[in-house]
Amino acid sequence: MQQTEMIKLIQSHRSIRAFTEQKVTDAQIESIVESGRWAPSSNHVQAYSIIVIQSEERKKELAKLAGNQSYVEECPVFFVICADFYRLQRATAKHEQPFEVGAQEQVLVGAVDTALVAENMLLAARSYGMGGVMIGGIRNDPEAVSKLLGLPEFTFPVMGLCIGYPAQEPEQKPRLPKQAVVHYETYDASNYEETLAQYDEITARYYQERSEAKRVDTWSEQMSRFFATTKRPHIGDFLKKQGFLKS
Ligand SMILES: Cc1cc2nc3c(=O)[nH]c(=O)nc-3n(C[C@H](O)[C@H](O)[C@H](O)COP(=O)(O)O)c2cc1C
């Protein structure tokens with residue numbers, strides 16, 4: 001099949017966590033956020049906001065809140081992409097209608113809208129030769145992140161995005177085999193034993209041979225460690241406080 005420039009860009013993805021001193025211009029930042037704005041949105045609600053952060057002080061604070069992820073501080077521009085229904089409350093109030101965002105559905109809608117915006121932004125940045133990494137670590141302490149950024153009710157920070165010119169060239173991290181993730185017509189789990197074993201071999205080799213942070217590991221071991229504990233148990237209460245998950 002023809003490898004278009006867009007397909008090459010998408011399929012050469014790797015997260016970048018080290019950046020050169022090269023500045024990202026204001027025009028480039030505008031173009032990156034403009035690309036985020038053109039993401040599709042469920043029912044056209046556009047339930048997101050993008051916070052552009054270049055202040056060294058604020059990046060430093062966010063790096064700490066994200067679990068001491070130094071690249072949040074070191075990247076030239078950091079974006080926090082939030083699910084945002086506050087503007088929708090303002091819009092609906094104009095028409096004296098009830099405002100119902102308490103169902104779990106709205107959390108999904110906000111998270112999906114936000115993710116589509118973020119990936120558009122990352123791809124736009126990459127088209128300029130930049131790179132970046134998404135940062136879920138900002139949900140470690142969403143309360144403090146919201147306070148720092150002045151986020152109102154009916155919003156929640158979903159992810160950060162570090163952007164800048166790459167100072168590293170990491171190998172691509174192998175993905176699950178196609179047979180494990182693509183199903184035709186109906187869901188088919190019959191190959192999982194074989195494909196997971198195959199993927200463990202591939203990832204073991206990748207972790208041992210990659211140029212940075214080599215280790216002895218496999219994907220299934222990594223996942224079994226990861227899922228052995230509850231992640232970010234505070235999120236439910238935080239979302240309730242922000243006006244979500246009422247029902
Ligand atoms: C929503 C989201 C949140 C993420 N959060 C972090 C993070 O906090 N810190 C980090 O170093 N990488 C983070 N990542 C990057 C993933 O670790 C990375 O995408 C994954 O390991 C695959 O590697 P690759 O992107 O280089 O292919 C995040 C990715 C996504 C999509």
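FYI, the numbering just counts along the sequence from 1. Note that ligands are numbered from 1 as they come in the structure, with each ligand's atoms numbered from 1 the same way. Keep in mind it's a predicted model, so treat the numbers as computed, not measured.
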Q: Tell me the protein heavy atom at minimum distance from atom 8 (O) of ligand 1, and give that distance in Å.
A: Q69 NE2, 2.9 Å
Q: Under the 6.0 Å and 45° cation-pi test, does K231 pair with F226?
A: yes
Q: Would you say K246's side chain and V101's backbone share a donor-acceptor pair under 3.5 angstrom?
A: no
Q: For the side chain of T203 and the backbone of W219, is there at least one donor-acceptor N/O pair under 3.5 Å apart?
A: yes
Q: Could you tell me which atoms of ligand 1, counted from 1 in the order shown, lie closer than 4.0 angstrom to a heavy atom of Y71?
A: 10 (C), 11 (O)
Q: Nearest heavy atom to atom 7 (C) of ligand 1: which of Q222, E171, Q172, M134 does it belong to?
A: M134
Q: Name the one of V72, V77, I16, L122 that satisfies side chain to side chain contact (heavy atoms under 4.5 Å, CB included) with C162?
A: V72
Q: Using heavy atoms and a threshold below 4.0 Å, how should the contact between K173 and ligand 1 be classified: side chain, backbone, both, or neither?
A: side chain
Q: May I ask you to list the atoms of ligand 1 that are less than 4.0 angstrom from any heavy atom of R14?
A: 26 (O)
Q: Atoms of ligand 1 less than 4.0 Å from G137 heavy atoms?
A: 8 (O)
Q: Between V133 and ligand 1, find which residue part has any heavy-atom pair under 4.0 Å and reply side chain, backbone, both or neither.
A: side chain
Q: Of all the non-hydrogen atoms in the protein, which one sits nearest to atom 26 (O) of ligand 1, and at what distance?
A: S15 N, 2.8 Å
Q: With rounding to the nearest 0.5 angstrom, report the CD1 to CD distance, I29 to E34.
A: 14.0 Å
Q: Who's closest to atom 27 (O) of ligand 1 heavy-atom-wise, of R17, E119, M159, R175?
A: R175
Q: Determine yes or no for a side-chain-to-main-chain donor-acceptor pair under 3.5 angstrom, with R126 supplying the side chain and L9 the backbone.
A: yes
Q: If you take all heavy atoms of V24 and I163, which pair is closest and at what distance?
A: CG2-O, 4.5 Å
Q: Which protein non-hydrogen atom lies closest to atom 5 (N) of ligand 1, naming both residue and atom, and how far is it?
A: G136 N, 2.7 Å
